[in-house]
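Read the structure below first, then the notes.
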Number of protein chains: 2
Amino acid sequence: MTDNEGMTMARTPVRGPARQLGLRERKKIKTRMAIREATYDLIKEQGYDATTVEQIAERAEVSPSTVFRYFPTKEDIVLTDEYDPLVEDLMRGRPEDEPVLESVRWAIREAMAMAFTDNPERQQEEMVLRARLAVEVPQVRSRLMESMSVTGHMLCRAIAERTGRAEQDLEVRVYSMALMGAMLETLVYWGEHGCRDDLGELIDRTLDTFQDLPRRLP
Amino acid sequence: MTDNEGMTMARTPVRGPARQLGLRERKKIKTRMAIREATYDLIKEQGYDATTVEQIAERAEVSPSTVFRYFPTKEDIVLTDEYDPLVEDLMRGRPEDEPVLESVRWAIREAMAMAFTDNPERQQEEMVLRARLAVEVPQVRSRLMESMSVTGHMLCRAIAERTGRAEQDLEVRVYSMALMGAMLETLVYWGEHGCRDDLGELIDRTLDTFQDLPRRLP
DNA sequence: CCTCTTTTTGAGAGCTACTCTCATTTCATG
DNA sequence: CATGAAATGAGAGTAGCTCTCAAAAAGAGG
């Protein structure tokens, strides 16, 4: 049951005979979004812990069972939204001889830009909420770390492909997860400082730091 | 279960020259260990998920309430045992001008050595179990990551102290968490490979990799 | 429009981690 | 031994999550 979410608006089915979403799939997307938005709103109103799945279901006008059918855990409602495939694709599009870190830098920047193209308001707001929850709610932070590890594996694949090394090489994995740890901490840092800084700039600084770690801290 | 003390009545508190723990505290330590061992054994028998807190309580001969009084969550029973203060102390003992990474390397090595001094069998066994669970059980892995983040903060303090930087400096934090990500991945790697490799050697390799990251992966 | 199949949903029962409260037991001490 | 403090157990309660099964909705075809 790999759910392939489109994450785009359900309105205006694409013209053309080839790809027409049926009513069923459009409804699924709508339900998914309804659950998400209900969750975001409730959390903003009363906080994460005080928000029960039952309440979420009620506001989204579905049954609790359905909520769990769409999201495996409560935390996932907040923070599942797959950047990974996007970033992976973007990285694959970079020239072979580019330093890995530069590809990463470019891919992240591009992914963020794309995410913000439609409905930048809402996207920004959700990012802030996620960062805040990552700071405040241990469960969410844990879950976020877990998803970072998935991203890390993606990065392993990309690096392996690029450098010709094995995907399971210890060095490759260490490199990837170190980078993920760095990125996650950047997000937490951003959240702890009230999300006032420019996240893109922080990420740039992090990548700079990462680029020559040994020189940074003797 | 084989701990200090001989089950005396201790009617009169023996005020010997050496510091003697009261019966209460000795009992607490015993209970804590009993819960841990019951958990380890049950997990070995039937796996993590199949082991309920009720079973653990029963085997440890305490009530379920007591289990939760000693450990905040089920995961904590498996993987709480604070290396952090030890490592922090060890790091503080290193010369000021030593490169941070070398202090880390030394502290970890020393901490491992100390952990293995008494009852190396059992220690090794528990380490293996933890690594295996970190690989197999998402909840445990999450919790482990969470605790790594705590260790990361400790590392931040140590680095800040050593280098005179602010503890909240983005670079310091990025450095620390990158290192933690690397260490955690090393543990996972070890676990995935059946804990057959020498963990100390893997850690050494990881630290080597970390030492000159930019040269490792162009 | 009606029928048949497949997918999606809701209702409800059930499990378990975890919390809280309160009475009881166990230790410490004068 | 008496008194106070701490640890425990019993039990009730909450919420996340799973599973099952039957009803409802959507698609395809006549």
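Proteins come first, then strands; the chains are lettered A, B, ... in the order of their sequence lines, and each starts at number 1.
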Hey, which of these two, B:Arg24 or B:Ser65, hits DNA chain D nearer its 5' end, going by closest nucleotide?
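This one resolves to B:Arg24.
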Please check if the number of heavy atoms outside B:Glu61 that lie under 6.0 Å from its CD is greater than 12.
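Open.
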From [atom1] of [X] over to [atom2] of [N], roughly how many Å is that when rounded to an integer?
{"X": "B:Ile29", "N": "C:dC27", "atom1": "CD1", "atom2": "P", "result": "15 Å"}
{"X": "B:Lys30", "N": "C:dC27", "atom1": "NZ", "atom2": "C1'", "result": "14 Å"}
{"X": "A:Asp76", "N": "D:dG16", "atom1": "CG", "atom2": "C1'", "result": "13 Å"}
{"X": "B:Glu54", "N": "C:dC15", "atom1": "CD", "atom2": "C1'", "result": "11 Å"}
{"X": "A:Phe71", "N": "D:dG16", "atom1": "CZ", "atom2": "C1'", "result": "16 Å"}
{"X": "A:Phe68", "N": "D:dC19", "atom1": "CZ", "atom2": "P", "result": "12 Å"}
{"X": "B:Lys74", "N": "C:dT16", "atom1": "NZ", "atom2": "P", "result": "9 Å"}
{"X": "A:Glu58", "N": "C:dA11", "atom1": "CD", "atom2": "P", "result": "12 Å"}

B:Ser63 and B:Thr66: side chain donor to acceptor below 3.5 Å
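On atom types as modelled, these side chains qualify, holding a pair under 3.5 Å.
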Can B:Arg205 and B:Glu201 be counted as an ion pair, charged N to O under 4.0 angstrom?
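No salt bridge links B:Arg205 with B:Glu201.
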If you measure from the Lys or Arg side-chain nitrogens to the Asp or Glu carboxylate oxygens, is any gap between A:Arg122 and A:Glu126 under 4.0 Å?
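Judged by the 4.0 Å cut-off on N to carboxylate O distance, A:Arg122 and A:Glu126 do form a salt bridge.
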side-chain N/O [X] vs [N] OP1/OP2, d < 4.0 Å:
{"X": "A:Tyr70", "N": "C:dT9", "result": "yes"}
{"X": "A:Thr66", "N": "C:dT9", "result": "no"}
{"X": "A:Lys27", "N": "D:dA26", "result": "yes"}

B:Arg69 vs B:Thr73, nearer the 5' end of DNA chain C by closest nucleotide:
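Final value for this comparison: B:Thr73.
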Within the 4.5 Å heavy-atom criterion, are A:Glu192 and B:Arg173 side-chain neighbours or not?
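With C-beta onward as the side chain, the pair touches.
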Closest to the A:Thr52 side chain, choosing from D:dG9, D:dG27, D:dG16
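Comparing D:dG9, D:dG27, D:dG16 against the side chain of A:Thr52, the answer is D:dG16.
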